[in-house]
Number of protein chains: 2
Amino acid sequence: MNGISMIQLAKELGLSVSTVSKALGDSHEISASTKKRVLELAKKYKYKPNPFASNLRKKKGKQIAVIIPDIVNNFFALAVDGIESVTMSKHYDTFIYLTHENLEREKAVLEHLESGLISGLIISVSTGREGYAHFQEFYEATKLPLVFFDRVPDLLQFPKVITNNYESSFDATVRLIKAGSKRPVLITTTEPMFTSMERRRGYQDALEKHGIVLTDEMIIHCSDDMDSNYTILRKIFSQKKRPDGIFASIEKYAITSYQVCKDLKLSIPKDVKVIGMTNLRTAALLNPSLSTLSQPAFDMGKEAAGLLIKMIEKKSYAAANDIIVLPNELTIRDSI
Amino acid sequence: MNGISMIQLAKELGLSVSTVSKALGDSHEISASTKKRVLELAKKYKYKPNPFASNLRKKKGKQIAVIIPDIVNNFFALAVDGIESVTMSKHYDTFIYLTHENLEREKAVLEHLESGLISGLIISVSTGREGYAHFQEFYEATKLPLVFFDRVPDLLQFPKVITNNYESSFDATVRLIKAGSKRPVLITTTEPMFTSMERRRGYQDALEKHGIVLTDEMIIHCSDDMDSNYTILRKIFSQKKRPDGIFASIEKYAITSYQVCKDLKLSIPKDVKVIGMTNLRTAALLNPSLSTLSQPAFDMGKEAAGLLIKMIEKKSYAAANDIIVLPNELTIRDSI
DNA sequence: GTTTTTTCCTATAACGTTTTCGTAAAAGCC
DNA sequence: GGCTTTTACGAAAACGTTATAGGAAAAAAC
């Protein structure tokens with residue numbers, strides 16, 4: 001705003017604007033001596049190219065956006081940290097948009113971004129499998145590269161960064177069973193997301209392999225509303241024939257599970273064994289320490305951002321169905 | 001990018017570009033009927049103004065930046081949530097930059113933003129009191145509004161959103177003493193930040209008021225490195241004459257304190273009473289549940305963003321020394 | 001019926017870059 | 001020395017807006 005422009009640089013140097021522009025861009029058309037003169041004056045005046053002018057002319061910029069459901073969640077916070085570590089080093093600017101699991105908000109953000117403000121997009125979707133059209137539309141309208149991570153639209157052909165949800169959920173469930181749980185339940189979302197489906201498959205197959213019959217009540221659906229989740233879980237665990245194991249497939253469900261057990265005076269792991277899918281730093285400090293299946297959140301963000309920037313810069317044409325799979329990590333503590 | 005431009009709209013409508021621009025801007029110079037025609041066609045083609053062109057011409061845009069030390073920290077995550085809730089509703093875009101407590105990185109971001117990419121800035125500083133010059137320089141160079149929150153540069157005249165650190169730290173310390181701690185220590189940062197100084201003052205005055213003599217060892221300095229913090233604390237609590245109370249003035253220090261006590265088999269609250277300054281959602285689920293002094297993080301973000309946007313839109317010229325003080329909340333649980 | 005005002009629109013010049021094209025001068029070639 | 005090629009720069013257009021100034025037609029005022 002207050003800064004100096006190329007025009008003023010050119011004037012002071014007795015050069016044309018185009019020469020200055022090329023010099024700053026290190027073009028081969030400009031002699032070494034002129035480049036030096038230009039660079040020096042630019043430095044002296046702390047010249048910074050106006051990004052709007054530059055983006056307008058080049059029809060693209062070094063800005064990307066991240067759309068996630070929630071930042072107050074260690075997983076997404078870590079993912080953003082990973083993303084930012086890459087964008088920072090590649091000199092990109094990162095917009096952040098939070099959908100709070102709200103499909104309308106997600107749509108609104110996407111529509112807003114059709115203006116061309118950004119050159120690429122990283123998303124973790126906020127809803128179930130029915131709501132994917134807006135991503136496709138965004139892509140058709142803008143042809144911008146977009147990368148999904150964790151919560152990905154399985155039905156669409158886009159680059160994705162995910163984890164081995166099926167295998168690791170299978171393993172986690174097996175550990176619950178081996179620890180003595182006869183009837184472990186799965187706590188999952190109402191929204192049919194890809195990640196949840198995969199985790200559920202892993203859970204189911206583990207039960208089946210160990211000869212445990214899956215009944216409807218064993219899959220507990222929770223929402224984004226902590227209070228109603230508490231009510232649901234409390235009711236279930238107040239029953240006489242209550243579950244003796246929990247695989248909480250979402251961070252906040254693990255917390256609520258603990259709360260319910262605490263309030264109902266159910267002993268973990270004696271009465272109920274718990275494994276939570278979470279990246280909580282305090283997992284080891286909970287009472288008792290929580291066994292976790294944690295996601296490589298930071299690395300997922302890093303991979304996603306790396307992939308996106310590669311696509312933007314067309315250094316490598318990432319295949320539309322490029323899928324990076326990272327492993328989850330199972331940490332057994334005192335809760336099973 | 002792929003979208004339609006004003007020029008094409010104008011052509012199809014048989015109008016001039018300026019007319020279309022004014023119609024879209026709801027100018028009084030344009031008749032209602034023309035406005036209607038323009039709006040309709042714009043809607044039909046999903047016209048979105050090119051933000052670069054618009055920003056370039058207007059010399060400002062609807063983008064702001066948030067610079068914070070760390071997103072993997074409930075406090076800052078909540079603050080960003082609060083900020084985003086405002087920017088979203090006011091149709092601003094929010095850049096995010098993480099400094100990881102690194103002064104050089106903070107300076108680099110600020111310098112980068114001097115390009116004029118944004119119209120305003122929200123910051124929580126990453127360092128001590130000696131490193132404030134770059135903020136002043138940024139302001140001189142850009143004259144952009146900036147708002148600080150929580151970790152504010154007390155020596156500079158800028159709008160700030162803070163909490164009653166002194167009073168609430170005083171209260172927290174008093175609670176520790178009343179709970180029976182004869183020699184409560186303060187765990188604080190090595191960096192002399194404003195917030196820490198205030199908390200320390202509160203701690204000191206509480207001791208003094210209760211006739212407890214403050215010695216140097218009672219103020220424990222920790223850094224951003226979890227491992228070295230662990231070592232420091234473990235050493236102190238292994239001593240024979242170890243402290244019997246902790247006021248952890250930073251979230252991560254509370255966690256490390258718990259870890260150390262657990263590993264040293266010190267009972268909380270019998271051997272050591274703890275109050276942590278934190279926004280951890282899991283505080284109540286820790287072993288034992290942690291008494292916390294928590295900050296109104298979300299609201300701080302909201303206030304900061306509200307203030308910033310007001311300044312940007314000049315609806316009210318926020319005074320340079322506008323300071324909003326929100327109260328911290330003390331929640332006593334089983335750790336004291 | 002003339003003048004003044006209002007209404008509604010257009011032409012044009014910005015905003016600060018990048019890029020394409022053109023062209024002198026210098027260098028290379030025989 | 002005449003020719004081509006290369007080097008190093010400049011002029012001008014373009015990117016898609018917004019703001020300023022101006023002007024024709026319609027309405028209002030006398």
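Just so it is clear, the values below take in all heavy atoms, side chains as well, and ignore hydrogens, waters and symmetry mates.
C/dC15 atom P lies 19 Å from atom CG of A/Asn55, rounded to whole Å. Rounded to whole Å, the distance from NE2 on B/His28 to C1' on C/dC8 is 10 Å. In this structure, A/Asn50 places its CG atom 13 Å from C1' of D/dC15, rounding to the nearest Å. Spacing between atom CD1 of B/Ile30 and atom P of D/dA19 amounts to 13 Å, rounded to whole angstrom units.
Taking every heavy atom of residues 32-45 of chain B and every atom of DNA chain C, pairs under 4.0 Å involve B/Thr34, by number. Near DNA chain D, defined here as any heavy-atom distance below 4.0 Å, the residues from residues 7-27 of chain A are A/Gly14, A/Leu15, A/Ser16, A/Ser18, A/Thr19, A/Lys22, listed numerically.
Take B/Asp70 and apply the salt bridge (charged side-chain N to carboxylate O under 4.0 Å, His left out) test, not counting sequence neighbours, and it matches no residue. In this structure A/Phe95 satisfies the ring pair (Phe, Tyr, Trp, His ring centres under 6.0 Å) test together with B/Phe95, sequence neighbours excluded. With sequence neighbours excluded, the residues satisfying salt bridge (charged side-chain N to carboxylate O under 4.0 Å, His left out) with A/Arg105 are B/Glu84. Remark: A/Asp150 pairs with A/Arg199 by the salt bridge (charged side-chain N to carboxylate O under 4.0 Å, His left out) rule, at least two apart or across chains. Applying the ring pair (Phe, Tyr, Trp, His ring centres under 6.0 Å) criterion to B/Tyr97, with sequence neighbours excluded, gives no partner residue. Remark: A/Asp81 engages no residue in a salt bridge (charged side-chain N to carboxylate O under 4.0 Å, His left out) (not counting sequence neighbours).
Residue pairs satisfying the salt bridge (charged side-chain N to carboxylate O under 4.0 Å, His left out) criterion with at least one member in residues 9-26 of chain B, sequence neighbours excluded, are listed as follows: B/Lys22-B/Glu29, B/Asp26-B/Lys35. Contacts classified as ring pair (Phe, Tyr, Trp, His ring centres under 6.0 Å) and involving residues 57-94 of chain B (residues at least two apart or in different chains) are not found.
Residue B/Ser31 places at least one side-chain N or O closer than 4.0 Å to OP1 or OP2 of C/dC9. Proximity of B/Lys59 to the phosphate of C/dG16: a side-chain N or O atom is located under 4.0 Å from OP1 or OP2.
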I'd like a table of atom pairs between the protein and nucleotides 24-27 of chain D - only N or O on both sides, under 3.5 Å - with the distance next to each one.
none

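Between B/Glu101 and B/Arg151 there is a salt bridge, since at least one side-chain N of the basic residue sits less than 4.0 Å from a carboxylate O of the acidic one.
Taking five base pairs at each end of the helix from C/dG1-D/dC30 to C/dC30-D/dG1 and finding the rotation axis that steps the C1' atoms of four pairs onto the next four gives two axes whose angle is 40°, to the nearest 10°.
Donor-acceptor pairing under 3.5 Å is lacking for the side chains of A/Ser21 and A/Ser18.
Residue A/Lys302 places its NZ atom among 12 or fewer non-hydrogen atoms of other residues, nucleotides or ligands, all under 6.0 Å distant.
B/Lys62 places a side-chain N or O within donor-acceptor distance of the main-chain N or O of B/Lys90, the cut-off being under 3.5 Å.
A donor and an acceptor atom never sit less than 3.5 Å apart when one is taken from the side chain of B/Glu29 and the other from the base of C/dC8. Side-chain to base pairing of B/Arg57 with D/dT17: no donor and acceptor N or O lie closer than 3.5 Å to each other.
Atom NE2 of residue A/His112 and atom CD of residue A/Glu114 lie 11.0 Å apart, to the nearest 0.5 angstrom.
For B/Lys58 and A/Lys58, each mapped to the nucleotide of DNA chain C holding its nearest heavy atom, the one lying further toward the 5' end belongs to B/Lys58.
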